[in-house]
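Reviewing the structure listed below.
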Amino acid sequence: MWSKLTARDSVVWRLDWILLFACLALSLIGAVLVFSATRNRIELNHGDQYSYVLKHLLNTGIGVALAAGTVWLGHRTLRGAVPILYGLSLVLSVLVLTPLGATINGSRSWLAIPGGLSLQPAEFAKITITLGMAMVLAARVDAGDREHPGHRAVMQALGIALVPIVVIMLMPDLGSVMVLGTIVLAVLLASGSSNRWVIGLLTLGVVGCLAVWQLHLLDDYQIARFAAFANPSLDPAGVGYNTNQARIAIGSGGLFGAGLFQGSQTTGQFVPEQQTDFIFTVAGEELGFLGAGLIIFLLGVVLWRACRIARESSELYSTIVAAGIIAWFAFQAFENIGMTLGIMPVTGLPLPFVSYGGTSMFAVWIAIGLLQSIKAQRPVSA
């Protein structure tokens with residue numbers, strides 16, 4: 001019994017506490033920003049100004065519990081359950097295309113569940129694709145049979161990623177597809193696969209984008225978003241409204257900001273979806289460059305610690321998983337902040353740990369649990 005207790009204590013002490021505190025700080029800052037963005041929006045909170053911030057804190061608590069459970073089970077144990085997790089994630093994604101799916105902001109990417117709740121399966125697909133590809137690519141390498149994944153393993157891994165990506169494209173959820181594509185490239189690079197695969201996928205991606213555009217396969221709202229990105233002044237009262245209002249909010253904050261709960265754009269409710277996709281505008285307006293910079297700094301700390309975990313891992317499977325999570329967090333944070341600044345198209349991706357949203361919060365904390373498990377279960381040198 002004492003040995004078991006000692007083992008559990010050793011896992012706790014071997015966690016990356018800097019990573020944990022950075023994630024908690026981001027979630028708590030997010031709670032303050034969510035409260036500021038929703039406290040006066042009667043159409044959202046239905047008269048309860050604390051409803052959204054309490055839900056955000058509840059989602060954070062559940063997310064931390066999921067991370068703790070992931071550490072307790074261990075990434076090696078979960079490796080054996082990857083086929084089940086992958087299958088469950090794929091089934092949930094397919095259900096979105098049935099009458100159970102719900103359309104929000106033009107994208108049918110949500111699954112309606114009893115109690116008035118909703119689930120976004122694409123968030124879990126980011127985890128299962130990373131785990132599934134890592135399992136296939138690292139199988140023979142970790143067993144000592146090969147130094148690098150072979151072409152057959154790469155093809156199998158790409159097949160694992162392709163099926164859910166196609167399903168998510170049919171929703172359509174272009175933002176999640178962009179994240180998943182980034183994860184696939186990062187996983188292949190981290191696995192040591194031939195660079196020809198990466199170059200080939202990049203070329204295929206460019207050709208595919210051109211084909212989609214020329215064949216008019218995008219929905220009208222997606223075309224409008226790209227048009228607004230290319231020229232925000234094209235329709236300032238229509239498709240360019242979100243981006244223009246976001247830039248006004250951030251630009252008005254200056255160095256120190258207008259003060260918490262004092263932002264005119266936020267209190268005036270000029271920025272749509274401010275508690276989710278455009279949460280960074282609250283920080284920019286009310287906390288200024290310093291407050292917004294703090295969020296970027298904390299996200300940088302998360303990526304730095306994740307990179308360190310990936311670099312110090314002793315097995316390829318763990319390295320690949322960590323690399324996939326790094327690419328996910330880095331691209332999604334860049335895209336979210338970039339679209340509020342007008343340097344990236346609006347895609348509806350939340351800011352990790354900061355934006356309001358249950359499924360996205362659960363997914364990022366599960367990813368942190370995987371990173372912590374890789375860190376804690378790394379063999380200790382004598």
Side-chain angles (χ1 to χ4, degrees), residues 16-41 44-45 49-67 123 246 249-263 265-267 271 273-306 325 328-341 349-369 371-372:
D16 191 322
W17 289 96
I18 296 177
L19 173 63
L20 179 60
F21 286 139
C23 296
L24 285 173
L26 285 168
S27 292
L28 293 177
I29 291 173
V32 176
L33 301 180
V34 166
F35 178 64
S36 180
T38 60
R39 63 192 181 93
N40 292 326
R41 300 208 173 193
L44 290 178
N45 59 40
Q49 64 176 345
Y50 298 104
S51 62
Y52 271 78
V53 65
L54 291 177
K55 291 177 184 177
H56 180 88
L57 292 172
L58 176 62
N59 291 335
T60 299
I62 295 174
V64 173
L66 290 171
E123 293 293 333
I250 294 176
S252 65
L255 182 60
F256 300 104
L260 197 58
F261 313 133
Q262 303 300 316
Q265 291 291 108
T266 300
T267 57
V271 184
E273 307 298 332
Q274 201 169 17
Q275 76 278 10
T276 54
D277 303 343
F278 288 89
I279 191 70
F280 191 75
T281 62
V282 185
E285 181 181 31
E286 299 188 344
L287 304 179
F289 177 80
L290 294 180
L294 175 61
I295 292 177
I296 296 175
F297 170 76
L298 289 172
L299 288 168
V301 171
V302 172
L303 295 176
W304 162 50
R305 302 306 295 184
I325 295 172
W328 163 13
F329 286 4
F331 179 82
Q332 190 159 316
F334 177 77
E335 164 60 28
N336 178 276
I337 296 174
M339 73 181 186
T340 65
L341 298 174
L349 289 173
L351 186 59
F353 304 100
V354 182
S355 292
Y356 173 82
T359 313
S360 60
M361 186 69 78
F362 303 158
V364 294
W365 275 104
I366 291 173
I368 293 301
L371 290 174
Q372 294 286 14

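It should be emphasised that the depicted structure is a prediction, and the values quoted were computed from it without experimental measurement. As a basis for the values below, the full set of heavy atoms in this structure was taken, side chains included, without hydrogen atoms, waters or symmetry mates.
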Reported CG-to-CD1 distance for the pair Leu24 and Ile29, which is rounded to 0.5 angstrom: 11.0 Å

Minimum heavy-atom distance Gln372-Asp16, with the two atoms named: OE1-N, 2.7 Å

Pairwise distance CG(Leu66) to CD1(Ile368) - rounded to 0.5 angstrom: 12.5 Å

Shortest non-hydrogen separation from Ala306 to Leu371 and the atoms involved: CB-CD1, 3.8 Å

Intermediate values then yes/no, side chain to side chain contact (heavy atoms under 4.5 Å, CB included), Gln262 and Thr267: CA-CA 7 Å; Gln262 303 300 316; Thr267 57; over 6 Å; no

Leu349 side, atom CG; Phe334 side, atom CZ - distance, nearest 0.5 Å: 12.5 Å

Name of the residue among Asp277, Ile279, Leu33 meeting side chain to side chain contact (heavy atoms under 4.5 Å, CB included) with Ser355: Ile279

Enumerate, atom names and distances included, each donor-acceptor pair closer than 3.5 Å involving a side-chain atom of residues 280-300, sequence neighbours excluded.
{"residue": "Thr281", "atom": "OG1", "partner": "Gln274", "partner atom": "NE2", "Å": "3.0"}
{"residue": "Thr281", "atom": "OG1", "partner": "Phe278", "partner atom": "O", "Å": "2.6"}
{"residue": "Glu285", "atom": "OE1", "partner": "Thr266", "partner atom": "N", "Å": "3.1"}
{"residue": "Glu285", "atom": "OE1", "partner": "Thr266", "partner atom": "OG1", "Å": "2.7"}
{"residue": "Glu285", "atom": "OE2", "partner": "Ser264", "partner atom": "N", "Å": "2.9"}
{"residue": "Glu285", "atom": "OE2", "partner": "Gln265", "partner atom": "N", "Å": "2.7"}
{"residue": "Glu286", "atom": "OE1", "partner": "Ser36", "partner atom": "OG", "Å": "2.8"}
{"residue": "Glu286", "atom": "OE1", "partner": "Phe261", "partner atom": "N", "Å": "3.0"}
{"residue": "Glu286", "atom": "OE2", "partner": "Ser36", "partner atom": "OG", "Å": "3.0"}
{"residue": "Glu286", "atom": "OE2", "partner": "Gly263", "partner atom": "N", "Å": "3.3"}

Pair Val271-Thr340, side chain to side chain contact (heavy atoms under 4.5 Å, CB included): steps then yes or no: CA-CA 10 Å; Val271 184; Thr340 65; over 6 Å; no

Let me check something: any side-chain donor-acceptor pairs from residues 356-365 under 3.5 Å, sequence neighbours excluded? List them with distances.
{"residue": "Thr359", "atom": "OG1", "partner": "Gln120", "partner atom": "N", "Å": "3.2"}
{"residue": "Ser360", "atom": "OG", "partner": "Gly357", "partner atom": "O", "Å": "3.3"}

Under 3.5 Å donor-acceptor pairs involving side-chain atoms of residues 50-57, not counting sequence neighbours:
{"residue": "Ser51", "atom": "OG", "partner": "Asp48", "partner atom": "O", "Å": "3.0"}
{"residue": "His56", "atom": "NE2", "partner": "Ser27", "partner atom": "O", "Å": "3.0"}
{"residue": "His56", "atom": "NE2", "partner": "Ala31", "partner atom": "N", "Å": "3.4"}

Reported CG-to-CZ distance for the pair Leu303 and Arg305, which is rounded to 0.5 angstrom: 12.5 Å

Nearest non-hydrogen partners of Ala333 and Leu351, listed with the distance: CA-CD1, 4.0 Å

Side chain proximity check, Leu19 to Val302, heavy atoms < 4.5 angstrom: yes

Within-4.5 Å side-chain heavy-atom neighbours: Leu260 and Val32: yes

